[in-house]
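What follows is a single structure, written as structure tokens, with notes after it.
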Amino acid sequence: ELKVEQNPLFLSMQEGKNYTIYCNYSTTSDRLYWYRQDPGKSLESLFVLLSNGAVKQEGRLMASLDTKARLSTLHITAAVHDLSATYFCAVDRGGSEKLVFGKGTKLTVNP
Amino acid sequence: ETGVTQTPRHLVMGMTNKKSLKCEQHLGHNAMYWYKQSAKKPLELMFVYNFKEQTENNSVPSRFSPECPNSSHLFLHLHTLQPEDSALYLCASSGIGRDTGELFFGEGSRLTVL
């Protein structure tokens, strides 16, 4: 059974600081996704990582995938308040088009 | 309209009521999903449909009944629900095969069972 673990689950940080959210998964997969969810809203796709070594960047967020380590990271650079949200990683179970989600990391960026 | 649309956005129902949630996708996808998101649990996959055929029922109680009349529409029929069924129900769609497998979510239907 594929298990996806994120840490930390809660993250409070100051504006301007850097931090990394980690996503570990238990079985082989080469597809990983990051989503953002604002309170009361749906999930918005941030990054799609489809191969080992994939790195994608959008604004202050950068995601990477190491399939050998079964690890993805979401790095936040010089955080701003607008990044406050819950971030989920999700891993493809392999050929079944079904994603297994982590519990989410609730990020709060304080002024 | 574009993307994935869910109605109603909010629903309050008693335990003896029967109601339905509707989802429509305008992305040309072939797979549709129902997820449940509650405060105390991670996102839970409920049902998966590929080309209108149900391919997964993730041990969901029979008081939830899905229906997929075509690749663009998905319903979740609700009857005799329990208060613990109160949650945000999210519909999603994706392509299959060579597609990236990325899920596109609707805005969700917030269900409260009294």
Side-chain angles (χ1 to χ4, degrees), chain A residues 1-10 21 23-52 54 56 58 63 65 67 72 85-106, chain B residues 2-7 9-10 21 23 25 27 29-51 53-60 71 87-112:
Chain A
E1 179 187 354
L2 173 59
K3 294 184 179 180
V4 180
E5 294 188 356
Q6 286 182 238
N7 69 84
L9 298 182
F10 298 92
I21 299 171
C23 176
N24 293 88
Y25 53 98
S26 61
T27 61
T28 301
S29 176
D30 57 2
R31 290 186 169 198
L32 189 138
Y33 309 81
W34 284 96
Y35 289 85
R36 169 181 171 147
Q37 186 178 35
D38 292 296
K41 302 290 187 179
S42 188
L43 276 74
E44 173 192 358
S45 180
L46 291 176
F47 298 110
V48 178
L49 304 169
L50 299 178
S51 62
N52 185 41
K56 291 199 175 177
E58 180 72 33
L65 177 62
T67 59
S72 179
T86 299
Y87 294 85
F88 293 89
C89 66
V91 180
D92 193 317
R93 290 198 301 193
S96 60
E97 293 89 42
K98 290 181 278 293
L99 304 187
V100 178
F101 283 80
K103 292 183 178 180
T105 297
K106 185 174 181 180
Chain B
T2 59
V4 181
T5 305
Q6 288 187 242
T7 55
R9 295 291 309 280
H10 300 273
L21 306 181
C23 177
Q25 60 95 2
L27 300 170
H29 289 160
N30 299 111
M32 297 188 76
Y33 310 76
W34 280 116
Y35 281 86
K36 176 183 178 182
Q37 187 178 37
S38 52
K40 298 181 180 180
K41 294 184 179 181
L43 208 59
E44 300 175 78
L45 177 65
M46 300 176 70
F47 300 104
V48 182
Y49 279 82
N50 283 329
F51 293 102
E53 298 297 321
Q54 186 180 131
T55 58
E56 182 147 343
N57 175 339
N58 206 20
S59 302
V60 180
S71 295
L88 181 67
Y89 289 85
L90 292 164
C91 174
S93 70
S94 72
I96 60 174
R98 295 183 180 179
D99 194 89
T100 64
E102 182 181 6
L103 291 180
F104 293 82
F105 285 86
E107 291 293 315
S109 294
R110 173 73 62 185
L111 173 67
T112 303

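All figures in this text were calculated on a predicted structure; none of them were measured in a lab. Numbered from 1 within each chain, the chains take letters A, B, ... in sequence-line order.
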Practice prompt. Evaluate the side-chain hydrogen bond (donor to acceptor under 3.5 Å, both in side chains) criterion for residues Ser42(A) and Glu107(B): first the C-alpha distance (whole Å), next the side-chain angles of each, then the deciding distance (0.1 Å), finally the verdict.
Written response: CA-CA 5 Å; Ser42(A) 188; Glu107(B) 291 293 315; 5.4 Å; no

Worksheet item: Using non-hydrogen atoms only, which part of Leu43(A) is less than 4.5 Å away from chain B: side chain, backbone, both, or neither?
Response: both

Practice prompt. Would you confirm whether Tyr33(B), through its side chain, and Leu99(A), through its main-chain N or O, come within 3.5 Å as a donor-acceptor pair?
Written response: no

Worksheet, complete the sentence: Checked Ala90(A), Ser45(A), Gly102(A), Gly40(A) vs chain B; the most non-hydrogen pairs under 4.5 Å come from Ser45(A)

Fill in: Ser26(A): partners by side-chain contact (heavy atoms from CB on, under 4.5 Å), with sequence neighbours left out
Leu2(A), Lys3(A)

Discussion item. Quick check for you: to the nearest 0.5 Å, what is the distance between Gln37(A) atom CD and Phe105(B) atom CZ?
Written reply: 9.0 Å

Worksheet entry | Minimum side-chain heavy-atom gap Leu43(B)-Tyr35(A) below 4.5 Å | no

Discussion item. I'd like to check the side-chain hydrogen bond (donor to acceptor under 3.5 Å, both in side chains) partners of Gln6(B); sequence neighbours left out, ordered by chain and number.
Written reply: none

Worksheet item: Any side-chain heavy atom of Phe47(A) sitting closer than 4.5 Å to one from Glu102(B)?
Response: no

